[in-house]
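Structure first, then comments.
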Amino acid sequence: MGAFAALYSAICELRYQEFYSANWDLGINMQMLWTTTHGHLLYEAGDWEVARANSFLFVHPTYVAIPMALVYQVWPFAGTLFIVQGLAVASAAIPLYLIGRDARVPDGVLFGGLVVYLLSFPVVSALLFDFHWEAFLPLEFLCTYYLWYHRHYWLALVPVLAGMLTLEVFPVLLIGVVAYFGLPYVSALIHQPAESLRRALRPPRRWLPLAGLLGVAILGHLVLSYITNHVLATITGASPIFPLASPYTWLGVYWWGLSLTDVGSRLLYWLLLLAAFGFLPLLVRQRLLILSLPWFVYSVVMVPYGAYTTVGFQYSFIAVGPLAIAFVEGLSMFRGWGASAATAGRAKIHPARWLGLLVPFFIASLTASLALITAATPGLLIGAGVGAATLALFVATSARWIGKVRPADREAMRHRSWKRGPSVVRGLALGAIVVLAASNLAMSPLDTANFRGPGYAGYSFEYAPNPVYPYLSQVLDRIPAGAPILASDNLFPYVANNARAYALLWYPATPPYLPFNSSNLPKYVLLSSSQWFAIPSFLSPLLFNQSDYGIVVLLYSTASYPGSVYLFELGYRGPPNVVEVSPVLAQRTLCGRDLSIGASGALVSESNSSCGQVIETVPASNLSGTGDSIWYGPYLTVLPGTYTVTVTLRGDFPHNTSGNPNVAILDASGSGSGYWYYQVITADEISLSHWTNFTYRYSLVEPYASAEWRGYVSGATVNGTFEPGFVELDDIEIQYTS
């Protein structure tokens with residue numbers, strides 16, 4: 001357990017150093033823990049900016065964060081949260097081990113099963129998406145199940161209350177516990193109603209604890225909802241402004257959110273979860289799937305958000321707890337070794353046949369893991385049909401190998417020791433577990449072939465820290481404590497220990513309640529060039545005009561992510577401290593593969609070119625908007641100095657038109673700058689038989705972000721129809737002198 005906790009903490013810290021963590025969701029958790037010990041109750045700017053929620057408790061009843069804030073006060077670092085999360089996830093192996101021991105799974109096989117759980121791609125992909133309180137749910141749920149199984153009802157209230165104070169979804173999971181343990185009573189009531197009623201009225205009245213647990217789940221949801229809607233506003237001083245509720249909600253819970261466009265991907269997601277646990281819950285412990293039923297119904301039918309059934313988000317933590325129980329208990333159902341009286345007579349599977357069932361999944365995970373987790377977004381009913389057909393085929397094929405144990409064998413099994421089970425059977429079971437663990441690793445973010453897979457937050461991971469990170473302290477040291485600052489989403493966690501820090505979004509939109517505007521500018525602005533698109537329109541023209549903001553520090557990097565890092569200060573007039581994370585090249589060449597291709601461009605192979613590829617014009621359906629773009633980008637940071645740019649073209653205009661028609665337009669600029677050059681290319685300036693160089697020189701007196709070199713379609717009208725010229729770009733050569 002300690003090894004896995006250390007591993008999880010280390011890979012989360014590594015991801016943090018790669019700038020893949022962000023305000024949503026690491027930053028909001030860091031900030032709300034910081035502000036709780038500095039005068040505000042779980043305040044974080046993220047939800048304030050989008051809904052004016054001045055406490056995270058308006059979003060989730062995460063009251064366990066309040067004592068956690070005391071820990072964070074002592075060690076106010078992102079690594080603290082990673083250690084806590086790693087311990088929470090790894091600690092779930094303890095109750096899972098106890099559950100497997102109760103099922104009399106051999107120790108070697110049981111420990112292998114725990115490794116499968118801890119390395120399962122739903123767990124790892126959820127873990128690598130920053131920090132989330134959902135990571136506590138498997139531990140809380142497994143403890144609840146184990147204590148309830150042993151009828152420690154009062155002690156079970158500890159994880160029950162902890163779960164409800166972690167997230168509002170925990171009462172939903174408790175309904176599964178009530179349904180599972182209540183099923184025998186319901187079955188008896190159906191088959192022997194009179195006798196069941198007489199037993200229910202006599203001691204020990206075992207149905208009372210179940211009724212109590214259901215009451216706790218319902219009451220917990222209602223009480224927490226009442227506090228959120230009627231009490232918190234008094235404590236925090238304001239109510240949030242959330243969007244209008246959906247017509248498909250009741251008491252704050254969605255009751256219908258299913259769309260035919262995504263039902264297939266939702267079902268396939270659950271099929272993948274079953275695959276992560278070797279399909280054992282489906283094959284031999286079907287009754288335990290009742291534990292998963294409430295969340296299955298909610299995530300597939302009720303909630304309107306597809307993220308709940310997308311691999312790579314934190315919501316997989318909600319699903320894995322119930323499935324892990326069915327998986328571990330399923331390890332007790334192998335033919336060929338003994339069984340307890342509790343498992344005698346149940347459906348069993350031979351480990352050799354289980355291994356055979358896992359081999360196709362193993363092969364697919366090695367060859368097409370990204371395609372599997374993407375689920376091909378089937379849409380409409382196609383995905384539902386594919387998922388259902390696949391599931392039915394699997395069950396039908398497997399049913400031949402699963403059956404009831406013969407009565408003659410059952411008595412012998414009862415008296416056979418687990419530890420004296422045949423070594424061959426145990427070896428096959430361990431071999432199958434190794435195959436399953438390897439399949440999960442191949443499907444997880446630890447396989448970098450899955451980089452930026454679906455739900456890409458959890459699948460953004462590499463095995464080396466970003467070269468920008470070691471220099472980041474030179475930026476952060478220039479920001480006074482408590483200063484108002486606006487940061488890019490991927491840089492916000494580094495300034496989150498500040499109640500006056502605010503974050504931009506991860507897409508090009510300005511938060512509706514961002515407290516800054518043209519008359520109230522932030523003192524500091526911390527930006528990464530990879531997220532320049534999110535800068536508000538009132539701020540973008542002010543950053544490089546030298547009369548409002550000045551660049552305090554620039555971490556110059558040619559890496560695409562996070563790009564260069566800028567720290568602007570309002571009213572700063574000094575020279576920028578430029579740190580060359582990447583050495584400034586005296587000469588670089590941009591090939592077609594380095595640029596973005598516009599609507600009127602296409603990248604094609606060309607042996608007779610310096611890059612082996614060229615960008616050439618193609619007809620575009622709409623030239624009034626961006627349809628005239630041939631190439632653009634690559635959104636670099638450029639430093640002050642003198643530049644000589646050579647654009648190499650060839651092409652012609654084959655149609656018979658009068659005059660010398662325009663063929664293309666070339667220009668270059670950076671964020672906040674005017675054109676560095678702007679040139680119209682005419683038909684007589686280029687030739688189809690040879691390459692022609694167009695050279696431009698300009699000087700810059702300050703750094704610019706998002707520098708791009710662009711080409712646009714031009715042309716003439718032939719019989720009333722726009723006819724663009726034919727142009728091919730070989731490369732763009734940039735020479736720099738400081």
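Minimum heavy-atom separation, A217 to P171: O-CB, 3.5 Å. Closest of all the heavy-atom pairs between P281 and L274 is CB-CD2, 4.2 Å. Pairing each heavy atom of P209 with each of W148, the nearest pair is O-CH2, 3.2 Å.
Among residue pairs with one or both ends in residues 264-274, those qualifying as salt bridge (Lys or Arg N to Asp or Glu O under 4.0 Å) are D262-R266; sequence neighbours excluded.
Between the side chains of N29 and H132, not a single donor N or O lies within less than 3.5 Å of an accepting N or O. Under 3.5 Å, the side chains of W270 and S292 contain no donor-acceptor pair of N or O atoms. In the model, D130 has a side-chain atom that pairs as donor or acceptor with a side-chain atom of S21 under 3.5 Å. There is no side-chain donor-acceptor pair under 3.5 Å between Y149 and T144. Between the side chains of E140 and T166, at least one donor-acceptor pair of N or O atoms lies under 3.5 Å. When only modelled atom types and interatomic distance are considered, E168 and H221 share no side-chain donor-acceptor pair under 3.5 Å.
S365 places a side-chain N or O within donor-acceptor distance of the main-chain N or O of F362, the cut-off being under 3.5 Å. Of the possible polar contacts, none joining the R285 side chain to the L280 backbone as a donor-acceptor pair under 3.5 Å is found. Looking at Q286, its side chain does come within 3.5 Å of a backbone N or O of L282 through a donor-acceptor pair.
Between Q85 and L81, every side-chain heavy-atom pair lies at or beyond the 4.5 Å cut-off. In this structure, Y463 and L446 have side chains that are in contact, with non-hydrogen atoms separated by less than 4.5 Å.
With rounding to the nearest 0.5 Å, the separation of CE in M302 from CH2 in W295 is 10.0 Å. Rounded to the nearest 0.5 Å, atoms CG (L357) and CH2 (W354) are 10.0 Å apart.
Taking the six-membered ring for Trp and the full ring otherwise, the centers of F461 and Y456 sit at least 6.0 Å from each other.
Below 30°, between 30° and 60°, or above 60°: for W133 and F131 the angle between ring planes is above 60°, a perpendicular geometry.
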For this session: I would like to know whether F451 and Y20 meet ring pair (Phe, Tyr, Trp, His ring centres under 6.0 Å); could you show each step before the answer?
Result: CA-CA 12 Å; F451 181 70; Y20 293 129; 5.8 Å; yes
For this session: Could you walk me through whether L127 and C12 pass the side chain to side chain contact (heavy atoms under 4.5 Å, CB included) test, one step at a time?
Result: CA-CA 8 Å; L127 179 97; C12 288; 4.0 Å; yes
